[in-house]
There are 2 protein chains.
Amino acid sequence: MELPNRKMDILKAVIEDYIATAVPVGSRTIARRYMSGLSAATIRNEMADLEEMGYLIQPHTSAGRIPTDKAYRLYVDRLLEIKPLGEEQNNAVREHFFRHMDEMEQVIRKTAQIISDLTQYTSLVLAPQMRRTTLRRIQLVPINREMALVVIVTDATVVKDVVIRIPEGMDNDRLDTISRMMTVRFAGHSIADVDISLMEGLERDIQQYRRFFTDLMNAMGDSILQPDWQDLVMEGAINIFNFPEYQDIKRARSFLTMLETREKLYQMLARRTKLETAITIGDENEDSDLKDCSVVTATYRVTGRPMGSIGVIGPTRMEYGHVVGVLDLIGRNLGELISLYIDE
Amino acid sequence: MELPNRKMDILKAVIEDYIATAVPVGSRTIARRYMSGLSAATIRNEMADLEEMGYLIQPHTSAGRIPTDKAYRLYVDRLLEIKPLGEEQNNAVREHFFRHMDEMEQVIRKTAQIISDLTQYTSLVLAPQMRRTTLRRIQLVPINREMALVVIVTDATVVKDVVIRIPEGMDNDRLDTISRMMTVRFAGHSIADVDISLMEGLERDIQQYRRFFTDLMNAMGDSILQPDWQDLVMEGAINIFNFPEYQDIKRARSFLTMLETREKLYQMLARRTKLETAITIGDENEDSDLKDCSVVTATYRVTGRPMGSIGVIGPTRMEYGHVVGVLDLIGRNLGELISLYIDE
DNA sequence: CGTTAGCACTCAACGAGACAGAGTGCTAAC
DNA sequence: GTTAGCACTCTGTCTCGTTGAGTGCTAACG
């Protein structure tokens, strides 16, 4: 199953030429531009072999060849050279990152923008996953006589707030007391552990406000644990118009429609949060809508733990080396920035 | 400048047929489908007049006619019949609205979805404008030793939070005291009034933490008063592909690109918040990117005061009557829902 | 035996020309 | 004032030939 060197070189040349031009590449082009030692006829023979082996196909007779998903897979596994970014781009990224970034939401959005700027593909950024954080503090802030805001502070400073109805006659001091009490009880626990059982031993209060506390637990659990696809940010969707293979209105449309079902994208990214970098090419994607796209994702880590994913989505003809380089750089910066929010 | 009745009828027929079909409409069509008493030739003469008057144009000789922006303007001003929604749709809307809507952000997003579902155009929803609300409470919630979260509660329950750096050695009790103090000082004021001058008379504290307080004011001012285009939610952008006039890839692209510059859209909606309903057609739009689109917006009111806008954006060939009906219904429901968050 | 030159063949892309269909403007008659 | 008739114009579509890129095959070469 090992490919001879020369075939490998030719395949690489075809792939890279096709990535650069989106035009089926013929034997002449390869002979002239990449393998000057050989004639077109020789390349032709090799290409016929590669076609038989499933690495290349012809869109029609008498056209050049284009790589198959299988070829991209081989390319990514064996031939890929990760392209680190230049010094000045590196600095530009850091500049962007450590200026004007106070709110987490803004950080996420800006990150997505930078990725799509640098790669020219559609970027995806998954905000830090709450279920991986631990609680630090809970504060009930009264809004009016009937409602309060539950502010949840975690060790990643990712704050969520939920509105909750409060029982009649509960005053501000009481809310404060409850806040303090809950903070003591919950601090250090994972958010996934939040449960009424943690309230054991506070029988007096629970008796009186049992209903309120269960509401509270549910609200916290719901709003934070639920697959929350608002945590997914996307930028540069319309970059797709830059690619000749999406000049066809039907393809462009189906691509953009696919992007609109954010639940699926969210789940894809969430599932990949453990993987360092993951590349899926065309048919390898579980979702059939993605079958002529490639997805590249990377994890970012906060104080060592994987907290979320970043990624791009684009045509299978993707500049994998460059994308992996960008995601690597951005992932490290993002992790670092979020870590700044944390002290421990 | 008054149009004779028959011309008016013909113009109306042309507009409505064109809105329905997107195909230039000829004299035969009108004679057959709308004005059975007259022959095509007569209609032709009238249409020639209407063309001369600037209400119709021919895309080319020997094509039918299409309405100009001026015609749509006349139509909207004089001929428009607002189409109220049917009973069951009305109920469906209320159903949607008063189920599963706890968080403001969710309300806004869902509203946008409903509008784009009902109209099949791209919807825009502007969240309640902070600068129109008054402050109710301010609470500083410590996050870690260096930072705190400023939670701002307004009378529209629209809560914003900002992260701020706190001076060394400031403990939780102190933050609580400051929160209480600021609440007393600021409650009832418009958020636009927040200023260090409101802190007069607290010289002791200010002396000690002057820097902190100015930071705090700035942070609040910045994050809330700034044209915050995150308050703008959009749904159904890809609906544009449903319209034959956007089958052309270049037009579709430029439309979607225009939607991506959210600042402009934000400002357009913000500017219209005072107007009950506003319709701008084609060239009437200030932004040249919108020159072959129409924008319809409506205000929603919370306890009587206009708080934000909702709207749709689509081709000038828009079903104005239907859109106005939908926006009216949704606007009232949205206002009502938000009012529920308020007690006074 | 691998490599190369030559050649016939295939197919998409492009442009020209023909044609049908829709719609108009004009004129003359009702 | 309205209508029928007719010549005219323009678009969209279809067909057909041409061009050019690229292939596969065969035979010759080192």
Side-chain angles (χ1 to χ4, degrees), chain A residues 3-11 13-15 17-18 20-68 71 244-245 247-249 251, chain B residues 3-11 13-15 17-18 20-68 71 244-245 247-249 251:
Chain A
L3 243 45
N5 271 348
R6 196 173 67 181
K7 278 200 173 50
M8 207 66 148
D9 291 346
I10 290 172
L11 184 57
V14 173
I15 292 174
D17 195 83
Y18 186 68
T21 64
V23 171
V25 17
S27 51
R28 259 184 77 90
T29 315
I30 299 295
R32 224 174 337 113
R33 278 214 279 269
Y34 300 89
M35 322 231 71
S36 34
L38 295 175
S39 83
T42 311
I43 308 284
R44 262 201 303 278
N45 291 329
E46 296 284 37
M47 281 168 87
D49 292 351
L50 285 167
E51 178 163 4
E52 193 148 352
M53 297 161 92
Y55 291 110
L56 297 176
I57 48 165
Q58 289 180 281
H60 56 265
T61 338
S62 91
R65 265 130 174 145
I66 65 179
T68 61
E245 52 266 63
Q247 291 309 78
D248 176 42
I249 195 97
R251 292 191 57 150
Chain B
L3 243 45
N5 271 346
R6 196 172 68 180
K7 279 201 172 50
M8 207 65 150
D9 290 346
I10 291 172
L11 184 57
V14 172
I15 292 174
D17 195 84
Y18 186 69
T21 64
V23 171
V25 15
S27 51
R28 260 183 78 89
T29 315
I30 299 294
R32 225 174 338 115
R33 278 215 278 271
Y34 299 89
M35 322 233 72
S36 32
L38 295 174
S39 84
T42 313
I43 308 286
R44 264 205 297 284
N45 291 329
E46 297 284 37
M47 281 167 87
D49 291 351
L50 286 166
E51 178 163 3
E52 192 148 350
M53 298 161 91
Y55 291 112
L56 297 177
I57 48 165
Q58 288 180 282
H60 55 266
T61 339
S62 90
R65 262 123 175 156
I66 65 180
T68 60
E245 52 265 64
Q247 290 307 80
D248 176 41
I249 195 95
R251 294 191 54 152

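Quick note on labels: first sequence line is chain A, next is B, and so on, each numbered from 1.
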Legend entry - Check against side chain to side chain contact (heavy atoms under 4.5 Å, CB included), B:Arg6 and B:Thr42: CA-CA 11 Å; B:Arg6 196 172 68 180; B:Thr42 313; 3.9 Å; yes
Legend entry - Residue B:Ala48, side-chain atoms from C-beta onward, closest of C:dA12, C:dG25, C:dT3: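 Side chain of B:Ala48 sits closest to C:dG25.
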Legend entry - Candidates C:dC11, D:dT23, C:dT24 - which lies nearest the side chain of B:Met47: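 The answer is C:dT24.
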Inset, instruction - Verify the contact: side-chain N or O of A:Thr61 to OP1 or OP2 of C:dC11, cut-off strictly under 4.0 Å; return yes or no. - result: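 Yes, such a contact exists.
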Legend entry - D:dT23 OP1/OP2 closer than 4.0 Å to side-chain N/O of A:Ser27: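 Checking A:Ser27 against D:dT23: at least one side-chain N or O falls below 4.0 Å of OP1 or OP2.
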Round to a whole Å and report the spacing from [atom1] of [X] to [atom2] of [N].
| X | N | atom1 | atom2 | result |
| --- | --- | --- | --- | --- |
| A:Gln58 | D:dT23 | CD | C1' | 7 Å |
| B:Ile66 | C:dA22 | CD1 | C1' | 16 Å |
| A:Ile10 | C:dG2 | CD1 | C1' | 13 Å |
| B:Asp49 | D:dG1 | CG | P | 12 Å |
| B:Arg28 | C:dG21 | CZ | C1' | 11 Å |
| A:Ile30 | D:dA21 | CD1 | P | 17 Å |
| B:Arg6 | D:dG1 | CZ | C1' | 8 Å |
| A:Tyr18 | D:dG22 | OH | P | 14 Å |

Legend entry - Non-hydrogen side-chain atoms of B:Tyr55 and B:Val14 separated by less than 4.5 Å: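 Heavy-atom side-chain distance check fails, nothing below 4.5 Å.
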Inset, instruction - For residues A:Met53 and A:Leu11, determine if any side-chain heavy atom of one lies less than 4.5 Å from a side-chain heavy atom of the other. - result: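 No, too far: nothing below the 4.5 Å cut-off.
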Inset, instruction - Please check if atom CZ in A:Arg251 has more than 12 non-hydrogen atoms from other residues, nucleotides or ligands closer than 6.0 Å. - result: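 It does: A:Arg251 CZ has more than 12 such atoms within range.
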Does the structure show a Watson-Crick or G-U wobble partner for [N], both distances under 3.5 Å? Name it, or say none.
| N | result |
| --- | --- |
| D:dT13 | C:dA18 |
| D:dT19 | C:dA12 |
| C:dC30 | D:dG1 |

Inset, instruction - For the pair B:Thr68 (side chain) and B:Gly54 (backbone), establish whether a donor and an acceptor sit closer than 3.5 Å, ignoring hydrogens and angles. - result: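 It does hold such a pair.
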Legend entry - Backbone N/O of B:Lys7 and side chain of B:Glu46: donor-acceptor pair under 3.5 Å: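 No.
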Inset, instruction - Mind running side chain to side chain contact (heavy atoms under 4.5 Å, CB included) on A:Leu50 and A:Arg65 for me, showing each step along the way? - result: CA-CA 10 Å; A:Leu50 285 167; A:Arg65 265 130 174 145; over 6 Å; no
Legend entry - Touch class at under 4.0 angstrom, heavy-atom based, for B:Arg65 against every strand present: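 Sugar-phosphate, no base atom in range.
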Legend entry - Selection: residues 31-46 of chain B, any non-hydrogen atom under 4.0 Å of DNA chain C: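 Listed by number, they are B:Arg44.
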